[in-house]
Each structure stands twice: as structure tokens, then as C-alpha cells.
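Chain naming here is simple, since letters A, B, ... match the order of the sequence lines and numbering starts at 1 in each. What's counted below: heavy atoms across the whole structure, side chains too, no hydrogens, waters or symmetry copies.
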Amino acid sequence: MSQESSLKRTHYCGDLRLSDAGSTAQLNGWVRRRRDHGGVIFIDLRDRTGITQVVFDPQIDEDAHALADSVRSEYVLNVSGIVRERAPGELLFNTEAAYQSELTDNTALSSEFRSQFSELDAKYTLSEDIEICERENDKHWLITDVENNRTYDIFSEENGLNVYQGTVNPELVTGEIEVAVESLSILNSAKTPPFPVEDDIEVSEDIRMRYRFVDLRRPVMQKTLEMRHKAALAARNYMNEHGFLEIETPILMNSTPEGARDVLVPSRYYPGKFYALPQSPQQFKQILMMSGVDRYFQIARCFRDEDTRADRQLEFTQLDIEMSFAGVDEVLDVTEGLMKRIFEDAGGIPVQTPFLRLPYHDSISRFGNDKPDTRFGMELTDLSDVMEDCDFQVFTRALSSGGQVKGIAVPGGEEFSRKDIEDLTDFVATYRAKGLAWIKITSEGFSSGIVKFFNPEQLETAQERMGAKPGDIMFFVADRPKVVADALGNLRLHLGHKLNLIDETKYNFLWIVDYPLFEWNEEQNRFEPFHHLFTGATEETLPHLDSDPGKVQSQHYDLVCNGYEICSGSVRIHNWDVQQKIFDILKIKPEEVENRFGYFIDALEYGTPPHAGIAPGLDRIVMLMRNEENIREVIAFPKSQQGLCLLTQAPSNVSEEQLEELSIRVDVDT
RNA sequence: GGGCUCGUGGCGCAGUUGGUUUAGCGCGCCUGCCUGUCACGCAGGAGGUCGCGGGUUCAAGUCCCGUCGGGCCCGCCA
């Protein structure tokens, strides 16, 4: 066989159906498993699209059968042969034709009929989950026992009904057919893979990453890659339809000291100077608005040299968007449509728009953070006023020093043991809570070591406000507002997961709006931008800029889904006066402004249209659609938590010559 | 920068208060047999510097210190 004909392919491994029976097919794929019965060899051939069983029978082709003997897992094959219906296996039993009506009418099988299966052998006992499919009118039926994953062929013949063992594999979409191989060509052999190429494997992540090329062959991973592609494609199409131009911005740009640590790239022409990789194309996309582009988008790789988390990578992808002559409503509107398109087209997940808008302060007070998971209740309740006069010093002391007392009611928490509560106390301690007060509500009333510090009215008001019922436990944290929010917000999430209060099929989108423009930095005794320097303020609160900057609300918005921030954006400042004031409030000196943002300020004065933008995070969106809890699962070649690529070993040492060219001296032993 | 946790044949794990000669088990792998399997079956077999370095001890997979690597988190991430 020539090389050319052995690469030919008529179908993918997920393509063939019963309707193809009788035709010839030629497939390429990897060997998922080989089952050698001595006389006949079955191979499950796998590619991106699925699996087809191919059969090697010496009676069909002796050479192909002999060659198949040497085939092992993950060998790369080309096979050609006849597609055929999977024939019935051995005759199991014969029975009266009377049962035919149950088959023809597609009714439930009678217990008499069923008992004949189990009498034959316990392994043939039929489950309740049965599908009957009529293959030929009044002649041939295929029964599928879905639960036990078995099939039976039943033929109506002169002697009654003959029941044969079925050879259809109900787990495969191609399970009704197989390819009887007439010609095999082994395109490549393979070492035994370090782990099986199939879903639901138990392998540590570092092994998967080292052999990512094997890992990515697994059907779940292929599905993720495909969904990610579809998400990007849906986004491109949607943006195009709405008049956005896709424009690339530089990867090598200036370092900006704000925000995250930059990833730096040394310059060869300018020894001692560095480019930085973009944390986001923020300044360039605004410059594009000043350039009259009107509507821009980009699928942009962003880099932030900060420690990673389960939902954070060193490099990640944003659908970067900016539009001129637009305010909050326009951006939110476009983004809602985009989310709907991506989730529906790529993920098959229906999305209801418009999304709810929740003010930042409400989110903090109800959920303890600005990315609430609203798929379950257990919201935080403020009890500061109730506890003001109680005798529990932990509470009163926190309150008198400007703190809060808040609580959550945990359904069924009466069951919690001393150890459970101790573990939860340790849990909130990671958020600097000094303790976790609790009161159980039993059928006899309030139960806890601290009940004595409260009068009945205080306890009852607390219970009523938190909506706690008998059988619940109430948890309280008293501390600075930030600690209370962190501790209870995370406790809420932790218990929500632990107690299975979350409906995993739900997708709860909501906007967080009305953020403050500035945040007061205690240590440095000055304001800091809550988001970035170019975020605009709302018109109503703009007058506070001079008198009380802390009161100014920004036109920033975040889109949150199921506890993840998936988009972040704002209306930008488009005039120099306001921008100047922001710099003043932040105490950035004019020389510094000139040095760092000179070109930007300059551009601002040359006719900048009002503009606004947003940046949806592609990785997290795909993560949500795939129901994954780890961002590495949706990135083809992710880095480990320590920033290593376990496949390529990056980062690595470079030669002395390279360093010399860049005028770089390395100060560590390598 | 810090906390927790894991590291034992290719993979997943067990290995007790340090002490039984040859460090077990399952899967995978190899050889043979097997014509309807799809987690095929049956019989036999190979495969281990217990992450690495140092220490304590008569004796270390097991205890201590350091180090490397994986994971989760705090800080950080405008």
C-alpha cells in the first residue's frame, strides 16, 4: 500500500451509523484498547470525534489479522473495510410468540418475560431502564438494558421468539456498527502511555502535565478544546456583527508600576531597559478610541506576574472590548448579548438577559465579597445594633472599636459536632477572624455556652433576622468590617459546598455596580484607585471629587457568575480636567505623570470621544461552561502553581552569550 | 513572604508505636492460550536508588533538618 492511500480517510471515528452499513470506510486513529480473542481481534479506534470498533477476522483478511496481533495501545492506525451492522451473538433462549406484542407496542416488559432472562443467568437480569427499538417490522427488535449496559437481539421466527445476546454497545454512538477490516496499515507504534487515554482517570496533575500530549487525547479534554474554540468563534462572530473591529495591540510594551507585577523582557538595543508584557491592553484600547476606531475587540493574551490560584494563571486570555460614545448601559447591553451568544452557542447553556445589577456595598454586606455565588442563600445578616447592649464582651468590644457583629444561619447545623465547629473556627481564622461564636437552635431553645450573655429579645431578634429555624446553627463573627466580610463570606461558600446547597446546573449572572472610585490606604495615608487610574466617576458623585473623594462612585462594573468574576470594565475618563484631578487626589506629581503617561495625557487632549469598555475572561467562561473548578483544565498548556511548564520545563537558563548581549548579570547560582 | 498537604514499580494506593528474611495490593505491561468482546477471560511472568541530600539510631519507607517538585489557601492579583 502506498503511503498516500494509507493516510486516506473517508470518515472520522465518531461518524459512522447504522445507516452506513454496507458501505466501505477508511479511518485513521489511535488504539484505545485491543481485545484479542485468539481468532478475532477487536480494536477500539479513537480520534478527536469518537470511537469506532474495528474487527480483525482471519476469514476476512489474514494479513490484516496477523498484523493486528502486534498492535498495542496508542498505536496510530489506518484501517479500511466494510461497515457492518453488529450481528446478534449467541442464542440465549427461545420463548412463546405471545411476548411479541409487548415488543411491538413498545410497552413495559411483563414480569413473565423478564423472568426468563434472569432464570438463564443472574447476569442477564433486566433492570427497569429498558429501551425497545424495532429494527424490522414485526420481525427484529433490539432491547437495550441501559443500566446494565447490555443489549439483546430478538427475532420473531417460526418457533416463536428467539432471544440472542446483542453485540451492540449502547455506550458508543457508533455502537450499532463496526468496521470489518480488510486492510490495516500501522502508521506508527507507541510506547505504553503513562496513564490510560480515557475520561475519569486517577492520575496526579504533574504526570498529566508532563505528558500533556497524551492527556489532551482524552475525550473530555478534546471536548474542552473544542468548546473553547467555539466560544472564541462565537465571540468573534458576535463582535463582528455588532460593528467591532479586531485589532492587535503590542505584546512588547511599557512597564506600568500600577497593579500587578509585570513580566519583563530585556531590550538588546537599549541595555538596562525593559519591555513589559501587557497586564491587559488597557492603554492601547483607549488610544484606539482616540484614534477613531469607534469599536474595538481583541482576543488578547494578558500577563500578570502574581502567585496563581485555582482560577488564576500567569498568562490568561481576555476578550478585550472598547467602544466609543458609550456609557454603562451600552457596554452592559453588548456584554449581555455576548455572554448569551457564547454560553448558548458554545456551551448549550440558556441565558436570560438582562442581568440583575447589584450595588457593590450591597454585595459586600449580603455576601461578604464582590463576586457573590447567588445559587444559594445563607446570606450575611448585620446584628451590630442588636448586640450593642449584650453582655458578651467579644461582641461589645468589637462594636465599640468601630467593628461589626454579623452572622449566618446554617440549615441543619444543629448536627455539627464540637470538632466540626472547631474546624470551621480554624477555617475562619485564615481570614483573621479571632473566633467563631455559635448558637444552636434546638427544639428546647437556644443552646450554646454563650447564651447566658444575651437576653431573650436579643436572641430572638437575631434568629428572626437571620431566618434561622429549629435545627439550625447561627454563626457570628465580630471584628473589623473587612474581617467580618471575609470570614463570613468564605464560611458561607465553604458550607454551601460542604452541605450541597448549590445547584450545579444553574448559571447566575449578575452585575456588580456602583463601586467606589478610591480606596483609602491606611499605611500610606492616601487614596488609591479602586480599579485603575482611568476609571470614570458617576455624574452625580463627581462633585465630591474635591470635598470628599471617598464618596465618589466610579462607573466601573464587574460581571459575576456563580462566584467567579468573569468580566470587568468601566466608563473611562475622557477629559483632561477630570484626569488631572484624579492625579492630584492620588498625589501623583506632574513630572511623574509626564514620565509615565505623557503620551496618553497628550492623546487625551486631541479630541477623545467618551468611551467605555470591558474585558470578559475567556478562561473562566470556559471553565464555567465545562463545570470545572480549575483553570488549568481549560488551558491547553498551563503552568503549574509555581509558574513552571512541566512539559517544556520553561523557564530555563539561557547562555552566557545571550545574557551578555542583553547586558544582564545574574545574581543567583544556577 | 507565610500556612496546610502530598511524593513508595508505568499509574493509583497500603505499609501500625522505627525492627520477619524477598516492601505488599489493584490497574497497566510482557509471554502463552482463547472466534463476539467492548473494564473480555484464563494461566504464567517481569518490573522498586521508597523525590533528593544530610542527620539521629544497633536498625529509617517510617523520626529530625534541609532541599526539589505537585496541589489548596493567606498575602498578592489596579
Tell me what [X] touches on the nucleic acid: a base, only sugar-phosphate, or nothing, going by heavy atoms under 4.0 Å.
X: A:Arg46; result: nothing
X: A:Ser280; result: base
X: A:Ile207; result: sugar-phosphate

_Base B:rG10 paired with A:Arg208 side chain (donor-acceptor, <3.5 Å)_ =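 Such a pair does not exist between side chain and base.
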*Mark up nucleotides 37-50 of chain B, 5' to 3', with B wherever a protein heavy atom is under 4.0 angstrom from a base atom, S wherever such an atom reaches only the sugar-phosphate, and - elsewhere.*
BBSB----------
_Treating primed atoms plus P, OP1 and OP2 as sugar-phosphate and everything else as base, which nucleotides of nucleotides 67-72 of chain B get B, S or - for protein heavy atoms under 4.0 Å?_
--SSBB
*asked:* Listing request: all side chain to side chain donor-acceptor pair (under 3.5 Å) pairs with a residue in residues 484-496 of chain A, at least two apart in sequence or in separate chains.
replied: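 The answer is A:Lys482-A:Asp486.
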*For the residue pair A:Phe117 and A:Thr125, establish whether any side-chain heavy-atom pair is separated by less than 4.5 Å.*
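No, every pair of side-chain atoms sits at 4.5 Å or beyond.
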*Should we count OH of A:Tyr564 as having more than 12 external heavy atoms under 6.0 Å?*
yes
_Tell me if the CD atom of A:Glu528 is crowded by more than 12 foreign heavy atoms within 6.0 Å._
yes
*Counting side-chain heavy atoms from CB outward, which of B:rG75, B:rC77, B:rG12 is closest to A:Glu202?*
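Nearest to the side chain of A:Glu202 among the choices is B:rG12.
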_If the cut-off is 4.0 Å, is A:Arg304 near the phosphate of B:rC76, judged by side-chain N/O to OP1 or OP2?_
no
*When the aromatic ring centroids of A:Phe534 and A:Phe597 are compared, is their separation below 6.0 Å?*
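Yes, ring centres under 6.0 Å apart.
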